[in-house]
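Everything below concerns the one structure shown next.
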Amino acid sequence: MTTRKRNRNLDKNYSPDNIEQKWYAQWLEHGLFNAEINPEAKAFSIVIPPPNVTGSLHVGHAFDHTFQDIMCRTKRMEGYSVLWLPGTDHAGIATQNVVEKALAKQGISRYDLGREEFVKRVWEWKAEYGSRIINQMKRLGNSCDWRRERFTLDDGLSKAVRAVFVRLYKKGLIYRGKYIVNWCPRCATAISDLEVEYEESQGNFYYVKYPLVEKDCGEKYILVATTRPETIIGDVAIAVHPRSEKYKHLIGKHVIVPLANRVIPIIEDNMVDPEFGTGCVKITPAHDPNDFLVGLNHNLEQIQVIDSRGIMNENAGKYKGMTIEQARRESVKDLEELGQLLKTEQITHSVGHCQRCGTTVEPYLSEQWFVKTKPLADRGVQAVKDGRIRWVPEQWEKTYFNWMENIRDWCISRQLWWGHRIPAWECKDCGHITVAEVDPTECEHCHSKNIEQESDVLDTWFSSALWPFSTMGWPEDKPELKYFYPTSLMVTGFDIIFFWVARMIMMGLEFMDDVPFRDVYIHSLIRDEHGKKMSKTKGNVIDPLVMIEQYGADALRMTLAALSVQGRDILLSSTRIETYRFFMNKLWNASRFALMNLDDEVREIDAEQLHLHDKFILTRTQEVAKRTRELIDSYDIGTAARGLYDFVWGDLCDWYLEMSKPALKGDEGEARKATTQGVLEEVFRTTLPLLHPFIPFVTEELWAAFGFNGDYIMRTSWPDAKDEYTFAGVVEEMSVLQDAVRALRNLRAEAHVPPQQKLSRAVIRAVKDSSAAKILGASLNQIENLCRVSEVVLEAPADEWTHGPSLSGMSGEAEVRLPVGDVLDVEKEIARLTQEVANIEKAVASSQARLDKPSFVERAPAEVVEKERGKVAEGQAQIARLKANLESLSR
RNA sequence: GGGCGGAUAGUUCAGCGGUAGAACACCUGCUUUACACGCAGGGGGUCGUAGGUUCGAACCCUGCUUCGCCCACCA
């Protein structure tokens, strides 16, 4: 005889306080999150998208992490050796900004401190605040292997960054050069194309006259339209389209630059759109990316007039020292006074802003480091085309291809202090650049000791791109890499597909010669209840930690899981979380009910003693176990979570628990009671593990209360569907009973019979010997129980019976007459079925006709043909079922 | 300019070829011995629009209207 140590003293209401922290501490203590290399087991691994160290957990993280935790916990229960590797990102520019802001409050700038001291301060900041987000992740219940926590700037990862940089450089895939880049004057650093956010804004379009030097061309001047008059002073040419009828004759002639009194040539270039503006473009190679390219093609001078802080420099003449805006106003004023401004128009154009600080981005000519991305991207595209990486949902594949196929070189140098310093040393004697993994002491070319390290650091995303393998010990040959790489799954938002996902794919293929992950799941954005993006300024931010305090981590997790749908934003509000908080209580009380009715002794289920509702709940439990696993495997956690919710609240609580009460009270005898107890045991023992990945804390608590095995639910195997508890047809049979009960309750409510009043008698009319009559006949006592009727009888429909429910004789002896199921208008039902059979037959015939055409079978894709065959088979099965029904009706 | 997604009950969304669903909100009635964080019942939708395919369309195709997102260009 098996016994369990039950805890029957659960509080009346579920309270997540204490429970969540208690179990998390125990899981950690027993190393349940630890990933072990186990050759006997299959590996499942996820590296967490590392949040910024300075950050705080927001609801987007909470969703991302809940998803990953559900996957990891499920896979663990399925017997995989699971690694969920956590960590944080040093987030170069973001972190530097945060610390700079804090210093600014004390009136200190980073330049006051100097590089070394400033970086020291950032590390101090990290030491103080860096664990905050980690602790928040723990509150959510993340089952990460915290022993393996990494930071993108720790020693191991720094080593990986250097190795990658040096190898790419030696391969010619990293180069240095003077190019025009996106520059944030406030951050005083270059940023990549991706870090620029464009916004439509109103601006002025100034039409400026450039006097022609040659007097013999008809016109006196040519007209150039520009939005940036402050850069006129840096103009080095005017470009027109080579086939422009209007300006062809001016090519090779010269104009005088207004405000600068320089003579510059008129050149031809295809870049000019003859339809836009005046058809003439001023070329300022130092301050416009297109002009820069034109300048290279025509070998033009690059005159820089704006410095790195957005101030006009010594080349700007009288405008020197002004800000860009001041210089613009002054230039316009001067042009006007000189009579060289023809007109000003309003124009909407998009202006780039720094992603981090919102400052208008300037195109800026400077010495920078770049990754030549084309060869890396080609392999990245191939990997997806070959199916070595699968995008979920598939649609993102297109976005990825589009970007990868048009990829531009990646500017990786940042003029910051916080980050991986570029491992390049310039020789002050011969100018040679030595790039090395270990700090060199001399120039590798002339052996001079007079060398100096590059002051720039790398783009944060450079180290993030290595995350899947750098965190596992690369470049060393670690067993982790063999066992857990490629990782199984990457879960992240679409906003960092280019920043991160694409780059991980490129780097993984280059350095590991394999993809970084098999599947990449792209989830949607979390918005507020009205579909607005959450932002602090709008005040609509839902703080996951406040939600955890208020409703518990389980409720938040269940909400996020249940709301998740592929390819659509998720709208979250606290009332939604409340709904799932109520679900926790429902589950808690259902368990409490079961515990109150279970002894320590485990009762056997006697198959002979099973009633319809017992078979029903056992069957549904097996179905849900199977279905939930399938859904999680296909990353559809939303449907899985909603399915579990409906099962627990509907099938289990509303129906089964109510129907089990008479037996548990002993009204049906000892054998029935024992078997019902057995069923309860079985159902909860199966259901709690299914819920565990979603709501780990409460399920662990309940698992312990049931005393199922003295071990953690976390370590329990995923329940497989059991054949012995799967009964064919019972769900359909049960629905006949459910319909009868609902119809009777409906009658009561409509007749305003008070709930507490017991009806003395209800009559259910059903065709004698029909399947419905058999089902109902066997469950009359259940109908009495569920509908509060003293006596329910089953009678054949009287001849005069028409249709529709009715209630009569309300005083004292109440009687309910009730039509149910296949009982009523037999002829009408026969007609309906006959019609349906005819329809399906037609459908089957048309499918069959398609299949009979050789051209269809040969040419159509196999799956389409398969689907057509399926339709025929399904249709025929349906016809058979309907005909059987028809036959039983006709008797 | 290129691409993607949405338009279904008052609200937020499931459903994606076979009798319109959930949650919240609303209405009616209930301290029914697990749960008022609850129970039972109810009202409410010509599934954006016009065509087409089909025996059958919220679902597939085409056009339109409308909202949102991404990429590129913007002298």
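So that the names make sense, note that chain A is the first sequence line, chain B the second, and so on, each numbered from 1. In this text, all values refer to a predicted model and were calculated from it rather than measured experimentally.
- For A/Tyr645 and A/Trp649, the gap between ring centers is short of 6.0 Å.
- In this structure, A/Glu345 pairs ionically with A/Lys343, as a charged nitrogen and a carboxylate oxygen lie closer than 4.0 Å.
- Atom P of B/rA58 sits at a distance of 13 Å from the matching atom of B/rG17, rounded to the whole Å.
- Legend: residues meeting side chain to side chain donor-acceptor pair (under 3.5 Å) with A/His613, ordered by chain and number and at least two apart, are absent.
- For A/Tyr207 and A/Phe205, the ring centers are positioned less than 6.0 Å apart.
- When heavy atoms are screened at a 4.0 angstrom cut-off, A/Thr399 is found touching no nucleic acid atom at all.
- B/rC4 atom P lies 14 Å from atom CD1 of A/Ile497, rounded to whole Å.
- The CG atom of A/Leu223 sits 10.0 Å away from the CD1 atom of A/Ile238 when rounded to the nearest 0.5 Å.
- For the C1' atoms, the distance linking B/rC69 with B/rC55 amounts to 40 Å, nearest Å.
- Contacts of A/Phe583 with the nucleic acid, taken as non-hydrogen atoms under 4.0 Å apart, are absent.
- Residue whose closest nucleotide on RNA chain B sits further toward the 5' end, between A/Tyr14 and A/Gly279: A/Tyr14.
- Put simply, CG on A/Asn785 and CG on A/Asp667 are 8.5 Å apart, with the number rounded to the nearest 0.5 Å.
- Here A/Arg8 contributes atom CZ and A/Arg592 contributes atom CZ; the two are 13.5 Å apart, rounded to the nearest 0.5 Å.
- Ranked by how close their nearest RNA chain B nucleotide is to the 5' end, A/Asp193 and A/Asp288 are led by A/Asp193.
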query = How does RNA chain B look in dot-bracket form if you count Watson-Crick and G-U pairs under 3.5 Å, write [ ] for pairs that cross, and put | where a base pairs with another strand?
reply = ((((((((.[[[[.)..(..]]]].(((((.......))))).....[[[[[..)....]]]]])))))))....
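- Side-chain contact check for A/His298 and A/Asp269: at least one donor-acceptor pair (N or O, by modelled atom type) lies under 3.5 Å.
- The gap from the C1' atom of B/rC67 to that of B/rU49 amounts to 15 Å, rounded to the nearest Å.
- Atoms CG (A/Asp636) and C1' (B/rG15) sit 12 Å apart, rounded to a whole Å.
- Counted by atom type alone, A/Thr284 and A/Asp235 present one or more donor-acceptor pairs between their side chains at under 3.5 Å.
- The CG atom of A/Leu10 sits 8.5 Å away from atom CZ of A/Phe706, with the distance rounded to the nearest 0.5 Å.
- Spacing of C1' atoms, B/rG44 relative to B/rC39, comes out at 22 Å, to the nearest Å.
- Rounded to a whole angstrom, the distance from the C1' atom of B/rG21 to that of B/rG15 is 7 Å.
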Please tabulate, for side-chain N and O atoms in residues 650-657 of chain A, each donor-acceptor pair with protein atoms closer than 3.5 Å (sequence neighbours left out).
{"from": "A/Asp651", "atom 1": "OD2", "to": "A/Arg620", "atom 2": "NE", "distance (Å)": "2.6"}
{"from": "A/Asp651", "atom 1": "OD2", "to": "A/Arg620", "atom 2": "NH2", "distance (Å)": "2.9"}
{"from": "A/Tyr656", "atom 1": "OH", "to": "A/Asp614", "atom 2": "OD1", "distance (Å)": "2.6"}

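- Nucleic acid contact class of A/Arg8 (heavy atoms, under 4.0 Å, all strands): none.
- Taking atom P on both nucleotides, B/rC37 is separated from B/rC26 by 15 Å, rounded to a whole Å.
- An OP1 or OP2 oxygen of B/rC4 is reached within less than 4.0 angstrom by a side-chain nitrogen or oxygen of A/Lys398.
- Within 4.0 Å (heavy atoms only), A/Thr227 reaches sugar-phosphate atoms of the nucleic acid but no base atom.
- Atom C1' of nucleotide B/rC70 and atom CZ of A/Phe494 are separated by 8 Å, given to the nearest angstrom.
- Rounded to whole angstrom, the span from the OH atom of A/Tyr207 across to the P atom of B/rA75 amounts to 12 Å.
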query = Which nucleotides of nucleotides 27-36 of chain B have their base under 4.0 Å from a protein heavy atom (B), which only their sugar-phosphate (S), and which neither (-), written as one string 5' to 3'?
reply = --S----BBS
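- Atom CD in A/Gln395 sits about 16 Å away from atom P in B/rC71, given to the nearest Å.
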Ring pair (Phe, Tyr, Trp, His ring centres under 6.0 Å) between A/Tyr210 and A/Tyr221, intermediate numbers included = CA-CA 5 Å; A/Tyr210 283 59; A/Tyr221 59 84; 10.0 Å; no
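- B/rC60 and B/rG6: their P atoms are spaced 9 Å apart (whole Å).
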Extract from the structure each pairing of a protein N or O with an N or O of nucleotides 21-24 of chain B at less than 3.5 Å, listing the distance.
none

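- In the model, A/Ser192 has a side-chain atom that pairs as donor or acceptor with a side-chain atom of A/Glu195 under 3.5 Å.
- Nucleotides B/rG52 and B/rC59 place their C1' atoms 15 Å apart, quoted to the nearest Å.
- Between A/Leu744 atom CG and B/rA40 atom C1' there is a gap of 12 Å when expressed in whole angstrom units.
- The closest side-chain donor-acceptor pair between A/Asn402 and A/Thr399, if any, does not fall under 3.5 angstrom.
- Taking atom CD on A/Glu195 and atom C1' on B/rC70, their separation rounds to 18 Å, with Å as the unit.
- Look at CD on A/Glu199: it is 12 Å from P on B/rC69, rounded to the nearest Å.
- Of the listed nucleotides (B/rC37, B/rC73, B/rA75), B/rC37 has the atom at the smallest distance from the side chain of A/Arg581.
- In this structure a side-chain-to-backbone donor-acceptor pair under 3.5 Å is present from A/Thr373 to A/Arg408.
- From A/Arg557, atom CZ reaches atom CZ of A/Phe63 across 12.0 Å, with rounding to the nearest 0.5 Å.
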Can you name the atoms? Protein N/O to nucleotides 41-44 of chain B N/O, anything below 3.5 Å, with the distance.
{"from": "B/rG42", "atom 1": "OP1", "to": "A/Asn746", "atom 2": "ND2", "distance (Å)": "3.2"}

